[in-house]
There are 2 protein chains.
Amino acid sequence: MLTIGEFAQMTHLSVRTLRRYHEAGLLEPARVDPSSGYRYYDAAQIPTAQVISKLRELDVPLADVRQILLTQDPAARATLVTEHLQRLEDQLARTQAAVASLHRLLRPGPAGVAVELRQVPAQLVATVEDTVAHTDVLAWYAGAMAELDAVVRETVGPPGGLYDNALFTRGRGHVSVHVPIAAPVPAVGRVRSTELPGAELAVAVHAGVHDTIDVTYGELGRWVADHTLAVAGPVRETYLLGPRDTPVAAHWRTEIGWPVFRVTGAG
Amino acid sequence: MLTIGEFAQMTHLSVRTLRRYHEAGLLEPARVDPSSGYRYYDAAQIPTAQVISKLRELDVPLADVRQILLTQDPAARATLVTEHLQRLEDQLARTQAAVASLHRLLRPGPAGVAVELRQVPAQLVATVEDTVAHTDVLAWYAGAMAELDAVVRETVGPPGGLYDNALFTRGRGHVSVHVPIAAPVPAVGRVRSTELPGAELAVAVHAGVHDTIDVTYGELGRWVADHTLAVAGPVRETYLLGPRDTPVAAHWRTEIGWPVFRVTGAG
DNA sequence: CGCAACCCTCCCCCTGCGGGAGGGTGCACA
DNA sequence: TGTGCACCCTCCCGCAGGGGGAGGGTTGCG
């Protein structure tokens, strides 16, 4: 039987942290003296404490750590851990993208994004839509696109997507993926035929991988504001050239279109 | 002039977040209406907002972001940013170490660390000591070791270190590095000659890189507790074989010694 | 003028940890 | 059998950086 202080020393955790883990139901002391409330730990609990410690170093939330600890089956447990490692990899990718954006933003001189105003007509599309979290967009997109591919035989243009603004500002929002079509397709699975309404779009083209697409977004936003326009509705991305067209990422072309209207008020 | 909502839409930040950045002095609105308190932004502020956003994605604290934004000189600014990128790399290394430890901990079966009790005599050493933060230990160690190398001509054994427990449980503690010597060396810089007191040590040897050294620590702690011993004083590491001896990390050998004493009380 | 959409401030909540106050326990030593 | 001290307890507050929501003022279109 070890006192909390001794156990802290063995596990390189602080006494406070051990108490918190007890409170959170992560690491129950082997014995709690009913009269004094003193916590006593067993040496056999050291590995458990270390697993918690390592998971915390990986920023796994306490609730998820508890879930992992409660999972007895080694295979199921490994699955849970792998999910978190996957999350770490995603985060790493996002970090690298942020670094790339940052470099481009801090590079002196304007980014020099060409913007044009364009009136686009209504277009019949096959679409898949949903409300998703910002972090899940990529995975969702892949699934939705695969579903579209399976249903739609003939397209009359490059695929695109609509991204509700709440996706960015609230971390969750309405998203849809579409391909333009000449005639309606039958509703299969999540695929629907609908009309993408016409609009006046402020359009910019982003070249290369999406790592630094925010810079293009920013320039587009600046242009829109500078031309006394206001944004009306979700942003439209059109994938003129993407991974399905060429493996050379530098050749990719993404068109960003922001529906705008002229502000009637002040100049 | 953009309202906060419009500006939020352009920058993909939430209205709340923009207000917080204003409050924190990171992004002052171009104009604040004195009567209504409404914030109005200029399109030219979009790139600034994006820089903030990207730095935040890299977990740069708001205070440091402000520092970076206030730095006009591009070179000085680049230095500040690079410092944070360095921090990210360190964190990545720690993450990888944690993943390695975790895998080893979750592998079924005991880790099988051999522990022995050993009485070590007092030893004259040349030492460098300081109080440092846990995250700085590696860098500090390299500097201290270099200083020892420069001063001490002849050693009579492998180098070692003492690590105060507070280093782990409080994130900051007393640390010292030493090499055993036959005769005192003159005090130069931070180097001092002193006697490392004799002690009864519970000793385990960790093989390979330090990524998974916590597992060995845990096993050692378990052994100590199982043998009704208690820890008395800072842990001692001895670098039997290290990077200065062989470039093959798998061959490295680190001896971990925990000063212990027999518990007189209950069994 | 009415009304909806927007904006304001203020307060509380979340996560995971640390500091410190105020008070009870355990145990060696005299 | 004290006595002293290190240890332990609970409870409250702080930090970062953000979200939710209440309650109330502004803006601007129809």
Side-chain angles (χ1 to χ4, degrees), chain A residues 1-9 12-27 29 31-41 52-53 55-66 133-134 165-166 168-173 230-232 261-266, chain B residues 1-9 12-27 29 31-41 52-53 55-66 133-134 165-166 168-173 230-232 261-266:
Chain A
M1 281 301 171
L2 301 161
T3 66
I4 195 169
E6 291 164 340
F7 193 72
Q9 201 160 34
H12 290 166
L13 290 166
S14 77
V15 169
R16 295 198 93 86
T17 300
L18 286 173
R19 283 203 271 255
R20 201 185 325 278
Y21 290 171
H22 177 199
E23 195 180 357
L26 287 189
L27 188 61
R31 191 170 76 82
V32 178
D33 188 300
S35 73
S36 69
Y38 276 31
R39 297 169 177 85
Y40 295 96
Y41 294 82
I52 298 175
S53 163
L55 288 172
R56 284 298 306 136
E57 280 183 40
L58 301 179
D59 277 330
V60 176
L62 290 187
D64 296 19
V65 173
R66 181 171 48 197
H134 188 215
N165 194 58
F168 307 107
T169 58
R170 300 204 181 197
R172 185 174 183 77
V231 173
F261 63 93
R262 202 156 294 279
V263 175
T264 59
Chain B
M1 279 303 172
L2 300 160
T3 66
I4 196 170
E6 290 165 340
F7 193 71
Q9 200 160 31
H12 290 167
L13 290 165
S14 78
V15 169
R16 293 199 96 85
T17 300
L18 285 173
R19 283 203 272 254
R20 202 185 323 277
Y21 291 171
H22 177 200
E23 195 180 357
L26 285 189
L27 188 63
R31 191 171 77 84
V32 178
D33 187 300
S35 71
S36 69
Y38 276 31
R39 297 168 177 85
Y40 295 96
Y41 294 81
I52 298 174
S53 163
L55 288 171
R56 284 299 306 135
E57 279 182 42
L58 302 178
D59 277 329
V60 176
L62 291 187
D64 296 20
V65 172
R66 183 171 46 196
H134 188 215
N165 194 58
F168 307 107
T169 58
R170 299 201 182 201
R172 184 174 184 78
V231 173
F261 63 93
R262 204 156 292 280
V263 175
T264 58

Self-check item: A:V231: partners by side-chain contact (heavy atoms from CB on, under 4.5 Å), with sequence neighbours left out
Solution: A:V224, A:W258, B:Q9, B:M10
Quiz item: Can you name the nearest heavy-atom pair linking B:L55 to B:V65, along with the distance?
Solution: CB-CG2, 3.8 Å
Quiz prompt | Value in whole Å for how far the P atom of C:dA5 lies from CD of B:E6 | solution = 16 Å
Self-check item: Toward the 5' end of DNA chain D, by each residue's nearest nucleotide, A:T3 or B:D33
Solution: A:T3
Quiz item: Looking at CG of B:D64 and CG of B:D59, how far apart are the two atoms once the value is rounded to the nearest 0.5 Å?
Solution: 11.5 Å
Quiz prompt | Those residues that, when tested against B:R20, pass side-chain contact (heavy atoms from CB on, under 4.5 Å) (two or more places apart) | solution = B:R16
Exercise. Give a yes or no answer on whether the side chain of B:R39 reaches the backbone of B:R19 with a donor-acceptor pair at less than 3.5 Å.
Key: no
Quiz prompt | Partner set under ring-ring contact (aromatic ring centres under 6.0 Å, His included) for B:H134, not counting sequence neighbours | solution = B:F168
Quiz item: Of the non-hydrogen atoms in A:S36 and A:D33, which two are nearest, and what is the gap between them?
Solution: N-OD1, 3.0 Å
Practice problem: In whole angstrom, give the distance that lies between atom CG of B:L26 and atom C1' of D:dG17. | Solution: 11 Å
Quiz item: C:dT9 phosphate, OP1 or OP2: any side-chain N/O from B:R19 under 4.0 angstrom?
Solution: no
List, with names and distances, any nitrogen or oxygen atoms from the protein found under 3.5 Å away from nitrogen or oxygen atoms belonging to nucleotides 22-25 of chain C.
| from | atom 1 | to | atom 2 | distance (Å) |
| --- | --- | --- | --- | --- |
| C:dG24 | N2 | A:Y38 | OH | 2.5 |
| C:dT25 | O4' | A:Y38 | OH | 2.9 |

Self-check item: Between C1' of D:dA16 and CG of B:D59, the distance in whole Å
Solution: 11 Å
Exercise. Please state how far atom CE in B:M1 lies from atom C1' in C:dC6, giving the value in whole angstrom units.
Key: 18 Å
Self-check item: Interatomic distance where CD1 belongs to B:I4 and P belongs to D:dT27 [whole Å]
Solution: 15 Å
Self-check item: Summary of protein contacts for nucleotides 10-21 of chain C, nucleotide by nucleotide, where a base hit scores B, a sugar-phosphate-only hit scores S (4.0 Å, heavy atoms)
Solution: B-----SBBBB-
Quiz prompt | Test side-chain contact (heavy atoms from CB on, under 4.5 Å) applied to A:A232 - qualifying residues, sequence neighbours left out | solution = A:F261
Quiz item: Roughly, in whole Å, what's the span from NE2 in B:H12 to C1' in D:dG18?
Solution: 19 Å
Quiz item: Starting at CD of A:Q9 and ending at C1' of D:dC8, how long is that distance when rounded to a whole Å?
Solution: 15 Å
Self-check item: Rounded interatomic separation in angstrom, taking NE2 from A:H134 and C1' from D:dG18
Solution: 16 Å
Exercise. Check B:G5 against B:V15 and note the closest heavy-atom contact, atom names and distance.
Key: CA-CG2, 4.1 Å
